[in-house]
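Below is one structure, written out as structure tokens; the observations come after it.
Labels below follow one simple rule: chain letters A, B, ... track the order of the sequence lines, proteins then strands, and each chain is numbered from 1.
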There are 2 protein chains.
Amino acid sequence: MPDTNSKKQNTNVGPLNDLMTYHLRRAQVCAFNNFTEAMTETQVTPGQFGVLTLIASNKGISQSAVARALGVERSTMVAVIDGLQNRGLVVRKPSPTDRRSNALELSDKGQEIYERGLELAKNGDRKTASALSDEEAVQLVTLLRKLNSAIDG
Amino acid sequence: MPDTNSKKQNTNVGPLNDLMTYHLRRAQVCAFNNFTEAMTETQVTPGQFGVLTLIASNKGISQSAVARALGVERSTMVAVIDGLQNRGLVVRKPSPTDRRSNALELSDKGQEIYERGLELAKNGDRKTASALSDEEAVQLVTLLRKLNSAIDG
DNA sequence: TATTGTTATACTCTATAACTATA
DNA sequence: TATAGTTATAGAGTATAACAATA
């Protein structure tokens, strides 16, 4: 990870300072770093946590459905599920209604890790939002949700 | 790029919906896609545009200073500058004050591409923010700027 | 001693295309 | 015909560690 705390003079970023894309990028990198740090204990990445949450909230969901919900290709999901299965957190069961698809479930250990991870993820969020008041943090999430609803709605 | 416009039923993303990190990630992917689409004409990526802007706003800046300002390693900058130099957009000049470092400048073509790119980048931003009112878009950037100031301040 | 640019290397995340087995 | 899971492959983007030249 590059040095973000350096006491060097702040370089003028020019018109970048008015670009939403730039600030979204910086904020996302910051959020991922805080998330990863907060989740150390579980060794679960942001992407993996998304998958665990989808499965926890939709028992028996298929790999393709998880991929669609998270906005990635289903081929990308294979290795992710492989990793979670190898760690004993997720189980691929045969779907009772479609012999092509896997019904994904959390193992007991997966459920534990997920529940613990949810608390830790909230800690990461709090650190990311530490420069904002509670009200501002809520405002930010509300705006982001609205922005995103345009694409996955 | 995965299908984000599918008319499939929306899967319940559970507690993800309350995580700032999740929404930042979705928004950033959306913003990058819109940026890339808007910039097609220039064939300049978000990362490259950041570098062009830094150089435009700080003529003679060093590679290390660009890297620090953008929050990446200086080793990462080498290939980026190489690419921009090979396209004839950026020039590495010897620094007049430090024989270790390069003084980066935009070529005339680089200046042109940068100025055109800035307009196109704003178009990308507008598309990203299309679900928000003007006031909300400003609010969002303000909040993100405040959030980010905590790390690069 | 510290910093600049560089190289070599590797890792993560992701996409595309094609295959198979089902639906 | 279309979809689910899979494989093989490739491309961004990035980091770490080391080195020579210079500060």
Side-chain angles (χ1 to χ4, degrees), chain A residues 1-4 6-9 11 21 25-26 28-30 32-33 35-36 39 43-51 60-85 90-104, chain B residues 1-4 6-9 11 25-26 28-30 32-33 35-37 39 43-51 60-85 90-104:
Chain A
M1 193 158 57
D3 177 18
T4 55
S6 86
K7 299 303 180 191
K8 295 269 156 46
Q9 73 177 15
T11 303
T21 303
R25 167 69 178 162
R26 298 294 301 241
Q28 191 257 308
V29 169
C30 168
F32 261 42
N33 287 340
F35 186 99
T36 302
M39 293 286 275
Q43 289 294 305
V44 167
T45 67
Q48 290 173 331
F49 183 71
V51 172
I61 193 174
S62 72
Q63 292 181 196
S64 289
V66 172
R68 272 193 302 271
L70 296 181
V72 298
E73 287 294 329
R74 68 192 194 283
S75 64
T76 305
M77 286 307 306
V78 178
V80 179
I81 304 290
D82 283 353
L84 293 172
Q85 191 174 45
V90 164
V91 187
R92 283 174 163 111
K93 294 196 175 175
S95 161
T97 59
D98 186 339
R99 288 194 303 176
R100 292 172 305 181
S101 76
N102 297 323
L104 301 174
Chain B
M1 196 158 55
D3 179 17
T4 54
S6 86
K7 299 304 180 190
K8 297 268 156 51
Q9 71 176 17
T11 303
R25 167 67 178 163
R26 298 294 300 242
Q28 191 258 309
V29 169
C30 169
F32 260 44
N33 288 339
F35 186 99
T36 302
E37 188 189 349
M39 294 285 277
Q43 289 295 304
V44 168
T45 65
Q48 290 174 331
F49 184 72
V51 172
I61 192 174
S62 72
Q63 293 180 196
S64 288
V66 172
R68 273 192 302 269
L70 296 180
V72 299
E73 287 295 328
R74 67 190 195 282
S75 63
T76 305
M77 287 306 305
V78 178
V80 179
I81 305 289
D82 283 352
L84 293 171
Q85 191 174 46
V90 164
V91 187
R92 282 174 164 111
K93 295 197 174 173
S95 161
T97 59
D98 186 337
R99 288 194 304 176
R100 291 172 304 180
S101 76
N102 298 323
L104 302 174

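Shown here are the salt bridge (Lys or Arg N to Asp or Glu O under 4.0 Å) partners of A:Arg100, two or more places apart in sequence or in another chain: A:Asp98.
Distance, B:Leu104 CG to C:dT4 C1': 12 Å, rounded to whole Å. C:dT6 atom C1' lies 13 Å from atom CE of B:Met77, rounded to whole Å. Distance B:Asn102 CG to C:dT3 P: 18 Å, rounded to the nearest Å. Atom CD1 of B:Ile81 and atom C1' of C:dT7 are 16 Å apart (whole Å). A straight line from CG of B:Leu70 to C1' of D:dG13 spans 13 Å, rounded to a whole angstrom. Atom-to-atom, CG of B:Leu84 to C1' of D:dA12 comes out at 15 Å; the value is rounded to the nearest Å.
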Any N/O pairs under 3.5 Å between the protein and nucleotides 19-23 of chain C? List them or say none.
from   : atom 1 : to      : atom 2 : distance (Å)
C:dA23 : OP1    : A:Arg99 : N      : 2.7

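For the residue pair A:Thr36 and A:Pro46, the shortest heavy atom distance occurs at OG1-CD, 4.2 Å. Taking every heavy atom of both residues into account, A:Gly71 and B:Pro2 meet most closely at O-CG, 2.8 Å.
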For a quick check, with a 4.0 angstrom heavy-atom cut-off, what is the B/S/- contact string for nucleotides 10-15 of chain C, read 5' to 3'?
----SB
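Atom OG1 of A:Thr21 is separated from atom CZ of A:Arg26 by 14.0 Å, given to the nearest 0.5 angstrom. Rounding to the nearest 0.5 Å places CZ of B:Arg68 at 12.0 Å from CD of B:Gln63. Annotation: the span from A:Met39 atom CE to A:Gln48 atom CD amounts to 8.5 Å, rounded to 0.5 Å.
Two residues, A:Arg92 and B:Phe32, neighbour DNA chain D, and the one matched to the more 5' nucleotide by heavy-atom proximity is A:Arg92.
Looking only at side-chain heavy atoms (C-beta outward), B:Lys93 and B:Asn102 stay at 4.5 Å or farther from each other. Residues B:Gln28 and A:Val29 have side chains not in contact (no heavy-atom distance under 4.5 Å, counting atoms from C-beta outward).
In this model, the phosphate group of D:dT3 is not approached by any side-chain N or O of A:Gln63 to a distance below 4.0 Å at OP1 or OP2.
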Would you sort out whether A:Asp82 and A:Arg92 count as a side-chain contact (heavy atoms from CB on, under 4.5 Å), showing the intermediate values?
CA-CA 9 Å; A:Asp82 283 353; A:Arg92 283 174 163 111; 2.9 Å; yes
